[in-house]
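Report on the structure given below.
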There are 2 protein chains.
Amino acid sequence: MVRIVDVAKKANVSTATVSRVISNSGTVKKDTTERVLKAIESLNYQPNILARQLRRSETKTILVVVPDITNTFFSKVLRGIESVAIDSGYQVLLGDTLNDAERESGYLNILRQKKADGMILLTAKVDGQVVEDIAKQYPVVIACEYTEGSEIPTVSIDNVSSARKAAEHLITLGHRRIGTITGPFDSVLGRDRLKGFQQAMAQHGIPLDSLLVQEGDFSFESGCNVMQKFLALGVPPTAIFAANDEMAIGAIKAIKSKGLKVPEDISVVGFDNIKFASIFEPALTTIAQPSYEIGQKAIELLIKLINKDELDKNQYILEDKLIVRESSKKCLS
Amino acid sequence: MVRIVDVAKKANVSTATVSRVISNSGTVKKDTTERVLKAIESLNYQPNILARQLRRSETKTILVVVPDITNTFFSKVLRGIESVAIDSGYQVLLGDTLNDAERESGYLNILRQKKADGMILLTAKVDGQVVEDIAKQYPVVIACEYTEGSEIPTVSIDNVSSARKAAEHLITLGHRRIGTITGPFDSVLGRDRLKGFQQAMAQHGIPLDSLLVQEGDFSFESGCNVMQKFLALGVPPTAIFAANDEMAIGAIKAIKSKGLKVPEDISVVGFDNIKFASIFEPALTTIAQPSYEIGQKAIELLIKLINKDELDKNQYILEDKLIVRESSKKCLS
DNA sequence: GAATTCATTGTAATCGATTACATTTTGAAT
DNA sequence: ATTCAAAATGTAATCGATTACAATGAATTC
């Protein structure tokens, strides 16, 4: 292995000078620089990043904790994160929690052990206090989710108002008996989207039927299962608001397999606008989150935190958008 | 920051002893161990991984280079990799190349700089020789793709025979005029799947119409575009073999938008069996790759390489499976 | 009781780059 | 030619854990 001393020897300078050349400090004479560069080239020298990291105590790595990497919403956020990261000289360490709180907390140690300079959480299942504590000591940004009263910088859409918007869309179409497949109650996301749904219903004076509020876990399967329960009710809902697209698609599959049609018999609205939402048939009416941009903004904030720059604010709310496609329609009954 | 010397001082031992306790060397007396553990606990000490890495010159990190993280096939492979990695004490550094060769080669430096102990490539767009050279110096495993005559360990299915199987399925159904949407010709994957297709046609004595072989880039959009070209032909094909599911779904969308039906008018077969293949309508006939297992096997091999264990063989071919669903049907014309 | 072995612990070198501080060189000013 | 500041370079400490080697002490053997 070629070390900095080897380069120094070859170029007939000290290691300090070589290091200066590498880091472009600008204090090295032109011909010395050239000599060093030539030596680096001829030895095919690559600085040992570990040594640099130890000395500078920085890793140029950030940890991204994702609940489900196979969900294209998250993978798009991740892509936004990664591309800004690379351009800023950072690498991305991946943590896929499989929606498991224990696994999630395991990843927190990576920060404590200084294996990453900061962390972006795309999920927050573990105890809020634990995250708060970590965030006091290390740079942390939460994306997608948002915790009230927290000091941790956040990038997300306004989930409550988006969910309200989605529900209002259905109400405006004349639906009254609306079922909702929520996200897990132990996630803020799940709770917020339910809250928005409830607000819309309340504002239009529609009483809430607790049978029509069922918890899902953001998976296709859970959407399917919950919908089957709805369909088994004496009076099934005429419309469904699902807290994400995967569950919405699951619900539609369940509806279809009962011989019913979407949107003719039951309207369905999803959330996220994953890649597949527009491809699926019927194309899904959904709330479009600016996934890529959420990722970009999150990493920008994180890098500012790492550099101890001031943030102008703590909570960045990006614009969402209701995209009306084929899966929702006027209520006929 | 708490250092090992702080713990040593508090427990009244040397740093060596603390280190021994941490690494479970088993040579430390019971009550000393307890004393050290207590000190670690009370100081809330976490070893600085950077220092350990430098000293041991290992990072316990592996780099995974993916062509497209939003493709659920790759994210499932990635998930397989990550779960085995975590269980073996490794972390995953993510490299999303966006199908760009330049970006891909940028990631290779991570290995050279010792920021990862090894690498798994889920793509290989860069010059084969470059990869070969890297693989001579560092542990590298290629998954999904496979290069003939290479020394680099590989995990994949037999793409040629799988593609042949898919094409034969269509031929057996009576199709003769079969179009294929290939992967990019600069990827082995694209070439291998085309080769399988050609073999099947040749074996059944069906002459190849070069108009019916069109290059795609594995994206939904390219599937759509190529299909439109096929449909504009004087005699369009009665069946399509697409080199991955995303393109197959794109093709089906194009077919439907012309007012034609799948499989009644045109049969379509895909490749990969992504999450969405069974959900889409018509459910996609496709080749199922054991994505999760490919990931697991790849990381197992890589860890063996890192530990300089012997591999019993260099190329692991996993079982694929033709899954016949709704998108393919007997040829009527 | 001396010699030997083994278990336990300590001392200090080491990984390789960075950088504070020290020293030398350069060039301008007088 | 001398002085002095600025520029360029060098020396050596440093980051924090690991580990080769050394040292100590206890147990065992003869």
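Throughout, protein chains are lettered first and strands after them, A, B, ... in sequence-line order, and every chain is numbered starting at 1.
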Worksheet entry | Test: A:Lys76 cationic atom under 6.0 Å from A:Phe73 six-membered ring centre, within 45° of axis | no
Find the distance [X]:[atom1] to [N]:[atom2] and express it as a whole number of Å.
X: B:Ile22; N: D:dG16; atom1: CD1; atom2: C1'; value: 11 Å
X: A:Arg52; N: C:dC15; atom1: CZ; atom2: C1'; value: 16 Å
X: A:Arg3; N: C:dT14; atom1: CZ; atom2: P; value: 11 Å
X: A:Gln53; N: D:dG16; atom1: CD; atom2: P; value: 14 Å
X: B:Ile4; N: D:dC15; atom1: CD1; atom2: P; value: 15 Å
X: A:Gln46; N: C:dG16; atom1: CD; atom2: C1'; value: 14 Å
X: A:Glu58; N: C:dT19; atom1: CD; atom2: C1'; value: 14 Å
X: B:Leu50; N: C:dT14; atom1: CG; atom2: P; value: 22 Å

Discussion item. Categorize B:Val18 for me: base, sugar-phosphate, or nothing, with a 4.0 angstrom heavy-atom threshold over every strand shown.
Written reply: nothing
Fill in: Which nucleotide in D:dG10, C:dT19, C:dT9 has an atom nearest any side-chain atom of A:Thr17
D:dG10
Item to complete: Please determine, for the side chain of A:Arg20, which listed nucleotide (D:dT18, D:dT9, C:dG16) has the closest atom?
Response: D:dT9
Output yes when at least one side-chain N/O atom of [X] is less than 4.0 Å from OP1 or OP2 of [N], else no.
X: B:Thr27; N: C:dA7; answer: no
X: B:Arg55; N: C:dT14; answer: no
X: B:Tyr45; N: D:dA17; answer: yes
X: B:Thr15; N: D:dA17; answer: no
X: B:Arg56; N: D:dT19; answer: yes

Response to the item:
The residue, B:Leu54 or B:Thr32, whose nearest nucleotide of DNA chain C is more 5′ is B:Thr32
Worksheet entry | Worked check of salt bridge (Lys or Arg N to Asp or Glu O under 4.0 Å) between B:Arg103 and B:Asp96 | CA-CA 8 Å; B:Arg103 241 182 143 95; B:Asp96 187 356; over 6 Å; no
Discussion item. Tell me whether A:Asp6 is salt-bridged to A:Lys9, with the criterion being a basic N under 4.0 Å from an acidic carboxylate O.
Written reply: no
Worksheet item: Are any of the side-chain nitrogens in B:Asp186 or B:Arg191 under 4.0 Å away from the carboxylate oxygens of its partner?
Response: no
Item to complete: Apply the side-chain contact (heavy atoms from CB on, under 4.5 Å) test between A:Gln91 and each candidate in B:Leu94, B:Leu63, B:Thr61, B:Leu93; give the one that qualifies.
Response: B:Leu93
